[in-house]
Amino acid sequence: MTVTVYVPCDTTALALGANAVADALQQAAKAKGVDINLVRNGSRGLFWLEPLVEVETSEGRVAYGPVEASDVSGLVEAGLFEGKAEHPLAHGLTDEIPYLKKQQRLTFSRIGVTDPLSIEDYRAHHGFAGLENALNMDGQAIVDAVKDSGLRGRGGAAFPTGIKWQTVHDEPEGQKYIVCNADEGDSGTFADRLVMECDPYMLIEGMTIAGLAVGASQGYVYLRSEYPVAHRIFNEALDRAYRAGYLGRNIRGSGKHFDLEVRLGAGAYICGEETSLLDSLEGKRGMVRAKPPLPAIKGLFGRPTVVNNVLSLAAVPNILDQGAQAYADYGMGKSRGTLPMQLAGNVKRGGLVELAFGITLRELMDDFGGGTLSGRSLKAVQVGGPLGAYLPESQWDTPIDYEAFAEFGGVVGHGGVVMFDDTVDMGEQARFAMEFCSVESCGKCTPCRIGAVRGVEVIDRIRAGENADANLTLLTDLCETMVDGSLCAMGGMTPFPVQSVMKHFPNDLTRQKA
Amino acid sequence: MPHAGPQPVQDWTPELIQQAVDAHKDMPGAMLPILHAIQDRFGYIPEAAVPIIAESLRHTRAEVHGIISFYHHFRTQPSGSHVVQVCRAEACQAVGARQLEAHVKERLGVDYHHTSRDNEFTLEPVYCLGNCACGPSIRVDDDIHGRMDADKFDRLVDNLTTTAVEVK
Ligand SMILES: Cc1cc2nc3c(=O)[nH]c(=O)nc-3n(C[C@H](O)[C@H](O)[C@H](O)COP(=O)(O)O)c2cc1C
Ligand code: SF4
Ligand code: FES
Ligand code: FES
């Protein structure tokens with residue numbers, strides 16, 4: 001009898017030694033005379049358990065983790081190949097692990113379940129069902145479905161996706177583009193990466209549907225160069241999708257045309273901003289463009305262009321398959337559907353948590369995250385990437401909802417949640433916010449380019465105890481100038497984390513460094 | 001899947017550079033694909049590539065320079081045998097990236113953007129590798145390593161330097 005064993009192949013599993021675990025399992029199986037079928041699946045997104053080895057049994061898949069290569073012989077002795085649960089690293093049925101069971105995975109329903117590159121696996125789990133429907137609809141009907149779902153952009157600005165598509169749809173026929181923003185620059189986020197590494201056909205399907213909706217026959221994925229594994233897996237998936245007739249001039253015999261290509265970025269955070277991204281795709285320095293014109297009207301090479309985040313596009317196949325209403329039934333207020341949140345930093349159980357909007361930050365960090373990794377008390381949380389405020393405990397009961405966060409000047413952004421324990425020096429975090437902006441500014445506006453450099457200097461003086469009061473006033477003014485006088489959110493929001501430190505953790509800022 | 005080792009880099013010649021340019025120059029927005037192709041193949045973007053790219057894409061040399069210098073990824077000097085990137089971003093800071101960074105600099109004896117004296121390691125900062133739930137993270141060539149600490153880093157360096165010696 002052949003035993004099916006799964007060892008994930010995403011960046012995090014690999015970063016924790018998954019290849020060595022796979023090798024050790026092969027050797028152990030050989031030594032024991034057990035015939036195994038080793039599948040390199042995607043990650044389930046339960047990162048604290050990676051490498052998470054699974055074994056197929058008659059009751060379902062059972063999980064072991066985190067497994068190091070040196071654990072393998074012990075696990076095999078304790079009956080891993082028979083799916084026995086008599087080892088401290090055994091967790092029983094994967095689907096029953098509360099962290100996974102309590103989630104509402106619409107977009108991430110397949111990750112970790114399938115072999116990311118297997119089209120058969122993809123099809124066996126609703127893959128391409130949305131596309132089949134879309135191939136029989138006209139563009140307006142597809143746009144309407146996305147509008148009705150209530151989907152808002154998951155890249156940061158939360159703009160309604162259907163409305164953006166409508167604008168591009170309504171432009172006269174001709175060359176139009178679908179551009180996928182896979183620059184995922186925010187620290188604490190990895191959901192785009194998981195899509196590309198663990199369920200790449202979902203993104204291909206979502207972009208193809210977008211192309212059909214607005215009349216675009218060319219798509220580009222702008223992928224950050226910091227993601228070599230995603231690059232490799234996604235390119236292989238593109239190849240296979242072409243060979244299977246899901247891309248190209250005649251998609252599955254429908255006569256419809258969509259081509260797709262990956263382009264690598266080159267290590268510039270600002271290229272995640274959509275107009276800078278377009279300049280970069282055109283082969284220029286990634287300078288932010290003034291809006292209007294909107295990219296939907298004059299985008300890539302001056303043509304109407306849909307620019308969407310990976311997660312926005314990845315939500316579309318499910319909407320076209322299960323119906324707009326089924327998606328809109330999840331969520332609260334004007335935040336419809338589910339949000340893939342990412343627990344990161346000093347967290348005991350880090351990973352991907354996809355849930356309907358509405359859970360509070362505290363529930364997310366306690367019930368899922370299990371508190372800090374260090375076991376010390378939690379001091380601050382940064383939500384929404386490096387431009388997001390640091391939230392003190394008084395704000396942790398806020399529900400995850402775009403409007404609820406906006407009310408106190410917070411951002412949900414791309415859904416990254418970075419936790420810090422009480423050893424963090426918040427003054428240092430404020431300084432880093434300014435430093436990051438000084439490294440990553442595109443340089444177009446003075447408040448951002450020069451302001452960030454000044455910001456670092458002023459914070460250094462405050463921390464050194466030089467004229468602290470006068471310098472704090474200076475910092476306050478500088479932040480306001482950046483907020484008011486910057487062209488894009490890089491300069492315009494860098495002050496948010498700084499201001500939040502001044503407001504909620506003032507002692508850390510003025511406390512002199514030892 | 002075997003671990004990706006360092007990219008085997010080739011010595012450049014003007015002809016080889018021209019070849020890399022020609023292979024991509026007809027793509028829309030060919031500049032970044034060309035720069036990546038050159039750096040992947042030769043390990044960096046030699047000064048001599050600038051006029052070739054400028055000529056082929058009908059840009060000025062100054063424009064090409066401006067583009068290369070805008071992007072942190074592109075290098076205009078050869079690197080050491082291995083490129084080590086340490087994640088400096090927030091999620092890794094929350095689990096000790098600052099201490100790790102100090103250790104790495106001391107161990108390799110260099111600051112960011114420099115190459116160790118034995119020419120083994122070029123050190124670079126990076127802002128997030130997408131491994132934020134299991135940091136501190138570093139990247140060595142095309143491999144990402146999580147939950148990095150000083151001891152693990154020292155072992156990694158030892159392994160990389162011994163393999164390099166064996167190969168010779
Ligand atoms: C400095 C800066 C960085 C950004 N980085 C990203 C990014 O990495 N990924 C992303 O999807 N959007 C990013 N955005 C937002 C994009 O400009 C844009 O709103 C988004 O790609 C639109 O797609 P969506 O509507 O699907 O969210 C960034 C914005 C700014 C100002
Ligand atoms: S705010 Fe900064 S990053 Fe944005 S356009 Fe101005 S200089 Fe460029
Ligand atoms: S463009 Fe000059 S200040 Fe913003
Ligand atoms: S912050 Fe270091 S890997 Fe994301």
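The sequence lines fix the lettering, A, B, ..., with proteins before strands; numbering per chain opens at 1.
When each of A:G185, A:A344, A:A266 is checked for heavy-atom pairs under 4.5 Å with chain B, A:A266 comes out on top. Annotation: maximal heavy-atom pairing with chain B below 4.5 Å, among A:L194, A:D421, A:V418, A:L352, occurs at A:V418. Comparing B:H36, B:H73, B:E90 by how many heavy-atom pairs each has under 4.5 Å with chain A, the most go to B:E90. In terms of heavy-atom pairs under 4.5 angstrom with chain B, the leader among A:R349, A:Q342, A:E226 is A:E226. Contact tally against chain B (heavy-atom pairs below 4.5 Å) for A:S280, A:A268, A:G17, A:A191: the top residue is A:S280. Contact tally against chain B (heavy-atom pairs below 4.5 Å) for A:G188, A:G283, A:G267, A:A15: the top residue is A:A15. With chain B as the partner, the residue from A:G443, A:G345, A:G350 showing the most heavy-atom pairs under 4.5 Å is A:G345. Counting heavy-atom pairs closer than 4.5 Å to chain A, the top-ranked of the candidates B:R98, B:Q93, B:R147 is B:R98.
Of the two parts of B:R88, the backbone and the side chain both hold a non-hydrogen atom closer than 4.5 Å to a non-hydrogen atom of chain A. With a threshold of 4.5 angstrom between heavy atoms, A:R224 approaches chain B through side-chain atoms but not through N, CA, C or O. Neither the backbone nor the side chain of A:L300 comes within less than 4.5 Å of any heavy atom of chain B. Only the side chain of B:P33 has a heavy atom closer than 4.5 Å to any heavy atom of chain A. Only the side chain of A:E261 comes within contact range of chain B, with at least one heavy atom under 4.5 Å from a heavy atom of that chain. Of the two parts of A:T12, the backbone and the side chain both hold a non-hydrogen atom closer than 4.5 Å to a non-hydrogen atom of chain B. A:F47 touches chain B through backbone and side chain together, each having a heavy atom under 4.5 Å away. Interface remark: A:S374 contributes no atoms to any contact with chain B (heavy atom separation under 4.5 Å). Heavy-atom distances place no part of A:E197 under 4.5 Å from chain B, backbone and side chain included. Contacts between A:V229 and chain B at a heavy-atom distance below 4.5 Å are absent for every atom of the residue. For A:L373, the part lying under 4.5 angstrom from a heavy atom of chain B is the side chain only. When heavy atoms are compared at a cutoff of 4.5 Å, A:E282 approaches chain B solely by way of its backbone atoms N, CA, C and O.
Separation of the A:Y227 and A:F234 ring centroids does not fall under the 6.0 Å cut-off. The distance between the ring centers of A:F436 and B:Y127 falls below 6.0 angstrom.
Side-chain contact between B:T115 and B:Q77: absent, with no pair of heavy atoms (C-beta onward) separated by less than 4.5 Å. Residues B:I144 and A:L14 fail the side-chain proximity criterion, which asks for heavy atoms closer than 4.5 Å. In this structure, the side chains of A:Y269 and A:D186 come closer than 4.5 Å at one or more pairs of heavy atoms. Here the side chains of A:L264 and B:L32 are not in contact, with every heavy-atom distance at 4.5 Å or above.
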Assess whether salt bridge (charged side-chain N to carboxylate O under 4.0 Å, His left out) is satisfied between B:D22 and B:K25, documenting all intermediate values.
CA-CA 5 Å; B:D22 289 346; B:K25 73 167 189 229; 3.3 Å; yes
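Residue A:K348 places its NZ atom among 12 or fewer non-hydrogen atoms of other residues, nucleotides or ligands, all under 6.0 Å distant.
When every heavy atom of A:S43 is checked against every heavy atom of A:D10, the shortest pair comes out as CB-OD1, 3.4 Å. The two residues A:F420 and A:L378 come nearest to each other via the heavy atoms O-CD1, 3.5 Å.
With respect to the salt-bridge test (charged N to carboxylate O, under 4.0 angstrom), the residues B:K105 and B:D111 qualify. B:D158 and B:R107 are joined by a salt bridge, as a carboxylate oxygen and a charged side-chain nitrogen come within less than 4.0 angstrom of each other.
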